[in-house]
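Encoded as structure tokens, the structure appears first; notes follow it.
We name chains A, B, ... by the order of the sequence lines, and we start the count at 1 in each one. As the structure is a prediction and not an experimental result, all values here were calculated from the model. Because only heavy atoms are used, hydrogens play no part in the values below, and waters and symmetry mates are left out as well, while side chains stay in.
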Amino acid sequence: MPSRLRGEYKPLPRDFYDRDPRRVSRELLGKILVRRAAHSLLAGRIVETEAYLGLNDPAAHAAAGRTPRNLVLWGPPGRAYVYFIYGNHYCLNVSCLPEGDAGCVLIRALEPLAGLEAMARNRGIDPSALATTAQLRTLTSGPGRLCEAFSITRSRDNDSDVTDRDSPLFIAGAPPLSRSRIAATRRIGITKAADQKLRYIVRDNPFVSGPRL
DNA sequence: TTATAGATTGCCT
DNA sequence: GGCAATCTATAAT
């Protein structure tokens, strides 16, 4: 990545993630997911997240205890936890809380900022067909979609450090959003502990996936 | 050893 | 609104 661009994106420090996943989920809204590749740079603003609280959250992967799949969750904060779901899709999480605690944040939607044509190619979409908001939405609006757009896979990205600016995948800081621009809703697609409001969205942002309330 | 549900998406009607 | 795609962990046989 050119040094000019490198300077624009500063990773959040590890202690940002060494906190309650609810707090991290809320504060990750507005921050920037950056994918650095040999000749391209992909970036998107995080507009939707979900908190998973760890061992005591029935909806969390960690509720089953330590398994080969979820091992990263139990490690240090600020690592990418990537898993495969429904036989088709990857989802990206970031581990929270100190080593031994398994909380995490699921990244559910991005507003594309840079490298839109590369995202379209990764998604199998014609890059010339990105005129309308509805078309742009299909790039990164949804956890499986954003992983495909950013070429995120378990073999490539699981356990990578998102606080390292030299990592191929990291999360950069940005000014915090005011509380009034954020809404908390029920999490999507789960059956256990579905009543808790642990999904956080940027109000009125068209790149949020699913229902707005 | 087999069955099933799941933090999803795209295409069909 | 229904359904196929088809990996992973766990429950049931």
Side-chain angles (χ1 to χ4, degrees), chain A residues 17 20-22 24-26 28-29 33 44 46-74 79-97 101-112 119-127 129-130 132-159 162 169 171 183-201 206-213:
Chain A
Y17 303 98
D20 188 297
R22 286 166 287 209
V24 179
S25 293
R26 184 179 282 274
L28 271 179
L29 295 179
L33 182 69
I46 298 169
V47 298
E48 177 179 353
T49 59
E50 282 178 1
Y52 287 86
L53 307 183
L55 196 55
N56 298 320
D57 179 356
H61 286 181
R66 236 177 250 251
T67 68
R69 178 169 70 150
N70 70 26
L71 206 56
V72 172
L73 293 176
W74 309 86
R79 298 287 184 84
Y81 168 52
V82 181
Y83 67 90
F84 198 70
I85 191 73
Y86 296 127
N88 287 337
H89 304 287
Y90 292 98
C91 293
L92 171 66
N93 303 249
V94 183
S95 64
C96 298
L97 299 171
D101 286 327
C104 69
V105 175
L106 171 67
I107 312 292
R108 287 193 52 90
L110 304 173
E111 176 178 345
M119 292 183 202
R121 284 194 298 272
N122 290 339
R123 294 266 299 119
I125 295 169
D126 182 353
L130 293 177
T132 68
T133 303
Q135 288 169 328
L136 290 172
R137 247 184 126 260
T138 64
L139 290 178
T140 54
S141 182
R145 286 171 170 174
L146 73 88
C147 282
E148 191 170 49
F150 276 60
S151 297
I152 294 168
T153 65
R154 182 170 170 89
S155 62
R156 183 176 301 157
D157 297 299
N158 193 48
D159 203 29
V162 302
L169 189 71
I171 298 176
T185 77
R186 296 149 84 98
R187 292 180 290 188
I188 306 284
I190 58 168
T191 53
K192 299 165 191 164
D195 51 325
Q196 297 183 66
K197 295 192 171 174
L198 296 177
R199 170 174 173 252
Y200 300 88
I201 63 177
F207 295 94
V208 170
S209 76
R212 304 304 155 99
L213 286 176

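Minimum heavy-atom separation, R66(A) to L71(A): CG-CD1, 3.8 Å. Across all non-hydrogen atoms, the minimal contact from V82(A) to R154(A) is O-NH1, 2.9 Å.
In terms of position on DNA chain B, the residue among P143(A) and R69(A) whose nearest nucleotide sits closer to the 5' end is R69(A).
The residue R187(A) sits apart from the nucleic acid: no heavy atom pair falls under 4.0 Å. Using a 4.0 Å heavy-atom cutoff across all strands shown, N70(A) reaches no nucleic acid atom at all. Backbone-only engagement by R123(A) is indicated by non-hydrogen atom pairs under 4.0 Å involving sugar-phosphate atoms exclusively. Heavy atoms of A64(A) sit under 4.0 angstrom from primed sugar atoms or phosphate atoms, though from no base atom.
Interface residues of residues 47-54 of chain A facing DNA chain B, ordered by number: Y52(A); criterion, heavy-atom separation under 4.0 Å.
Judged by distance alone, the side chain of S209(A) and the main-chain N or O of G142(A) form no donor-acceptor pair under 3.5 Å.
Ion pairing of R79(A) with D157(A) is absent here, as no side-chain N (NZ or NE/NH1/NH2) approaches a carboxylate O to less than 4.0 Å.
Across all strands shown, dT1(B) forms a Watson-Crick or G-U wobble pair, both distances under 3.5 Å, with dA12(C).
Whole-Å rounding puts the I190(A) CD1 to dT8(B) P distance at 9 Å.
A distance of about 13 Å separates the P atoms of dT13(C) and dA5(B), rounded to the whole Å.
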